[in-house]
Number of protein chains: 4
Amino acid sequence: MNIAISNTSDKPIYQQLYEQISAQILKGELASGYPLPPIRQAATELRVSIITVKKAWEELERLGLIYTVTGKGCFVNDLSPSEMLQKRKEIIQKQMVMDASYYKSFGLTLEEVFELLKEIY
Amino acid sequence: MNIAISNTSDKPIYQQLYEQISAQILKGELASGYPLPPIRQAATELRVSIITVKKAWEELERLGLIYTVTGKGCFVNDLSPSEMLQKRKEIIQKQMVMDASYYKSFGLTLEEVFELLKEIY
Amino acid sequence: MNIAISNTSDKPIYQQLYEQISAQILKGELASGYPLPPIRQAATELRVSIITVKKAWEELERLGLIYTVTGKGCFVNDLSPSEMLQKRKEIIQKQMVMDASYYKSFGLTLEEVFELLKEIY
Amino acid sequence: MNIAISNTSDKPIYQQLYEQISAQILKGELASGYPLPPIRQAATELRVSIITVKKAWEELERLGLIYTVTGKGCFVNDLSPSEMLQKRKEIIQKQMVMDASYYKSFGLTLEEVFELLKEIY
DNA sequence: GTGGTCTAGACCACT
DNA sequence: GTGGTCTAGACCACG
């Protein structure tokens, strides 16, 4: 678990948390069954509130990436490689649709988007 | 001036406003010297608060796309075609850098981004 | 808005809240566009924490029964009668599946369930 | 003894235990005097904590379905067929009353409950 | 004024 | 020990 929190970011802390963890799971860096740190421990280490960690963990569960066992802890779900790819695609494209509508509002064609993206990626 | 406001969007209204207007300016749809509608009129027509319109106009001025003449109103800046292209690129890429960092966090290569973007654009 | 909170119930408060409100919406008692009370007001009146009300409102939004406008408030969604029936069925059957599995574990047939249910309904 | 435990279920494990065992007793699958497995053995086989099994056994005793002989173990109570039917009805209807109140809160008539239940049972 | 987020504690149920 | 819930405040962005 390697998480970086930015208090100055415009993104809420809980969103930073679940975005980073979901990315790690979907990159295969956290194997199935891997136990997430206890919310209290995570809260202490990251210097955020328990409730903030809880919110992030809840979102991960809603995304189907982890499961919770009361009294035991939270664990990375067992997903087949194809399920992982599918979930990754879903999560990324959900964001991408919004990004694309922004580009479109400036009249950019797909080719122009590619050109600009190439310069900075 | 053709603006569409969505109250249910997650984007703040003032942001929807300045994004759409800046896009129209940079697409050349609003010529230099074109007078933006008075704040009160715009607020009435769009059924939003005066404060909201003011915030959007201020952002446009900050972006260097319009200028304000006290007591007269706000007008589209006089930009050379090359300046327009430059500003458009700046504004779009500023957003694009953030989008890209999100994609990168999932380990996507530039090619994968292209693939996914193609599907939805 | 007529809500009854029980602190002695085994159900969490936020669940009592969204169950009662969703029931009222799906019974048509709260018309489309009806503004829910502001979370702070609701929290004060019901003598619960803001965060508890927020959680209930969030669940209602997730169920597609209300929508939130930041800075304005939360409002009952505009659903066609058929959509309402569909949502009602979804929500109720989700619970019903769990109830049924309990009855089945005692070896009850559908007819026996009907018999017992008739006595108490 | 045929017990299936789900760690991911929302039901507590001890509840899953006593529900399944009480169902088996009331279906007559476990005859009177039948000795329940020792707590430690059950805990090992089911891979749950001793405390969890103990809690389940205690609940069964509270329901009047088993009795404990210190130093010997726990045994299924001797119930006449009519007592069994009575207890089964009690236990099921106790749950059913809660289920029914949920359905009622959505304004469902008994007939509507039957319709929906038929689809999933 | 509204909702969105966050904190630093607390108590409870489950294992 | 774990997660589940809750409180009573607080600050911020939006309108």
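Remember, predicted model here, so these are calculated numbers, not experimental data. Chain letters run A, B, ... following the sequence lines, proteins first and then strands; every chain starts at 1.
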Residue closer to the 5' end of DNA chain F, W57(A) versus R47(C) (nearest nucleotide): W57(A)
Between CD on residue Q16(B) and CG on residue D10(B), distance to nearest 0.5 Å: 8.5 Å
Heavy atoms from other residues, nucleotides or ligands near CZ of R40(D) exceed 12 (cutoff 6.0 Å): no
Which residue lies more 5' along DNA chain F, comparing P37(A) with T52(B) via nearest heavy atoms: P37(A)
For chain B, the stretch of DNA chain F it reaches, first to last nucleotide, under 4.0 Å of its heavy atoms: dC14(F) to dG15(F)
Range-with-range stems for DNA chain F, at least three Watson-Crick or G-U pairs under 3.5 Å: E:1-14 with F:1-14
Interatomic distance, Y14(D) OH vs dC14(E) P [rounded to whole Å]: 4 Å
Between C1' of dT15(E) and CG of N7(D), the distance in whole Å: 10 Å
Touch class at under 4.0 angstrom, heavy-atom based, for S49(C) against every strand present: base
Interatomic distance where CD1 belongs to I5(D) and P belongs to dT15(E) [whole Å]: 9 Å
Residues K54(A), E58(A); criterion salt bridge (charged side-chain N to carboxylate O under 4.0 Å, His left out); working and verdict: CA-CA 6 Å; K54(A) 183 64 180 23; E58(A) 271 175 2; 2.7 Å; yes
Ring geometry between F106(D) and Y102(D) (parallel below 30°, tilted from 30 to 60°, perpendicular above 60°): perpendicular
Side chains of L26(B) and K87(B) in contact at under 4.5 Å (non-hydrogen atoms): yes
Touch class at under 4.0 angstrom, heavy-atom based, for V48(C) against every strand present: sugar-phosphate
Distance-only donor-acceptor check, side chains E19(B) and S105(A), under 3.5 Å: no
